[in-house]
Peer 1: 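A single structure is presented below for examination.
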Amino acid sequence: MTSEIKFIVNLDENRVPEKINWSAQDGGVEAQETKAILLSVWDNKTQETMRVDLWTKDMPVDEMKLFFHQTLVSMADTFYRATNDEKMTDTMKDFCDYFAEKLELTK
């Protein structure tokens, strides 16, 4: 059995993303538009993270700040599920609260 997640990125003449669509049929998503992607892939051979960070040129800065905050919160939750390290998870969530406070984000 396999599952596929697909991203289609339309670029302008300077190779800057203008439009991003993604599909994940198992999740019921088909060619849904998005403004940003933060994708991390672990290379176990080199013990390094490879990343693809893309956002469209019309992504509003206020939405980017919310996107980052929500991503950080999700990473803290994922870290806990992966490690069961409650102390560090709480520290990460404290930082997320600090991040939101400094950017004056509303939850």
Side-chain angles (χ1 to χ4, degrees):
M1 179 179 284
T2 64
S3 182
E4 181 177 85
I5 299 171
K6 183 172 155 183
F7 296 96
I8 304 292
V9 181
N10 295 326
L11 306 172
D12 69 10
E13 62 279 353
N14 297 314
R15 303 187 55 79
V16 175
E18 287 188 309
K19 185 177 179 184
I20 303 170
N21 290 83
W22 71 289
S23 299
Q25 289 185 334
D26 288 355
V29 178
E30 186 63 42
Q32 183 173 320
E33 189 169 346
T34 188
K35 299 260 183 221
I37 301 168
L38 300 177
L39 177 66
S40 298
V41 179
W42 179 247
D43 184 332
N44 63 312
K45 291 178 185 160
T46 63
Q47 297 286 290
E48 295 178 332
T49 301
M50 298 179 290
R51 295 185 5 240
V52 176
D53 302 333
L54 298 173
W55 56 93
T56 60
K57 56 186 170 185
D58 66 341
M59 173 81 169
V61 172
D62 59 332
E63 287 184 25
M64 183 59 88
K65 290 176 181 180
L66 282 170
F67 178 53
F68 264 84
H69 178 258
Q70 291 176 11
T71 300
L72 291 169
V73 171
S74 294
M75 288 175 66
D77 292 339
T78 301
F79 179 80
Y80 180 74
R81 285 195 317 274
T83 65
N84 248 0
D85 186 332
E86 194 170 327
K87 185 176 180 183
M88 185 52 69
T89 300
D90 289 344
T91 300
M92 292 170 72
K93 288 192 175 192
D94 287 344
F95 173 76
C96 292
D97 292 342
Y98 174 79
F99 185 91
E101 178 185 323
K102 289 299 178 186
L103 291 178
E104 299 178 349
L105 302 178
T106 58
K107 293 184 181 181

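When reading the values below, keep in mind they use all heavy atoms of this one structure, side chains included, and skip hydrogens, waters and symmetry mates.
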Peer 1: Sequence neighbours left out, what passes side-chain contact (heavy atoms from CB on, under 4.5 Å) with Val41? Give chain and number order.
Peer 2: Leu39, Met50
Peer 1: Nearest 0.5 Å, what's the NE2-NZ distance between His69 and Lys102?
Peer 2: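 Between His69 NE2 and Lys102 NZ, I get 14.0 Å after rounding to 0.5 Å.
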Peer 1: Establish whether Met75 and Phe99 are linked, either directly or via other cluster members, by ILVMFWY side-chain heavy-atom contacts under 4.5 Å.
Peer 2: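 No, separate clusters.
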Peer 1: Which value, rounded to the nearest 0.5 Å, describes the distance between Ile8 atom CD1 and Ile20 atom CD1?
Peer 2: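 Taking CD1 in Ile8 and CD1 in Ile20, the distance rounds to 11.0 Å.
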Peer 1: Nearest heavy-atom pair of Ala76 and Lys93: which atoms, and what distance?
Peer 2: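 What the structure gives for the nearest pair is CB-CG, 3.9 Å.
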Peer 1: Quick check: are there more than 12 heavy atoms from other residues, nucleotides or ligands sitting under 6.0 Å from NZ of Lys6?
Peer 2: no
Peer 1: State whether the number of non-hydrogen atoms from other residues, nucleotides or ligands found under 6.0 Å of Glu104 atom CD is greater than 12.
Peer 2: no
Peer 1: Where is the tightest heavy-atom contact between Lys65 and Leu105, given as atom of each residue plus distance?
Peer 2: O-CD1, 3.9 Å
Peer 1: Answer whether the closest heavy-atom distance between the side chains of Phe67 and Met59 falls below 4.5 Å.
Peer 2: yes
Peer 1: Applying the 4.5 Å side-chain criterion to the ILVMFWY set and letting contacts propagate, would Phe95 and Tyr80 be lumped into a single cluster?
Peer 2: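 No: no chain of side-chain contacts under 4.5 Å links Phe95 to Tyr80.
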Peer 1: Specify the closest pair of heavy atoms between Thr34 and Thr56, including all atoms of both residues, with the distance to one decimal.
Peer 2: O-CG2, 4.2 Å
Peer 1: Can you check whether Ala31's main-chain N or O pairs, donor with acceptor, with Ser23's side chain at less than 3.5 Å?
Peer 2: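 Checked: pair present.
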Peer 1: Where is the tightest heavy-atom contact between Pro17 and Leu54, given as atom of each residue plus distance?
Peer 2: CG-CD2, 4.1 Å
Peer 1: Within a 6.0 Å radius of atom CG on Leu11, are there more than 12 heavy atoms belonging to other residues, nucleotides or ligands?
Peer 2: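 Atom CG in Leu11 is packed in, count exceeds 12.
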Peer 1: To the nearest 0.5 Å, how far apart are CD in Glu63 and CZ in Phe68?
Peer 2: 13.5 Å
Peer 1: Closest approach of Asp58 and Glu18, non-hydrogen atoms and distance?
Peer 2: OD1-O, 4.4 Å
Peer 1: Among the clusters formed by ILVMFWY side chains lying less than 4.5 Å apart, do Leu38 and Trp22 turn up in the same one?
Peer 2: no
Peer 1: Taking the hydrophobic residues Ile, Leu, Val, Met, Phe, Trp and Tyr, and joining any pair whose side-chain heavy atoms are under 4.5 Å apart, which ones share a cluster with Met92?
Peer 2: Phe79, Met88
Peer 1: Within a strict 4.5 Å, meaning less than it, do heavy atoms of the Lys19 and Glu33 side chains meet?
Peer 2: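 Contact flag for Lys19/Glu33 side chains = yes.
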Peer 1: Using atom types as modelled and distance alone, determine if a side-chain donor or acceptor of Asp12 lies under 3.5 Å from a backbone N or O of Asn14.
Peer 2: yes
Peer 1: Show your reasoning for whether side chain to side chain contact (heavy atoms under 4.5 Å, CB included) applies to Lys35 and Trp55.
Peer 2: CA-CA 6 Å; Lys35 299 260 183 221; Trp55 56 93; over 6 Å; no
Peer 1: Could you measure the distance from the CG atom of Leu72 to the CG atom of Asp77? Nearest 0.5 Å is fine.
Peer 2: 11.0 Å
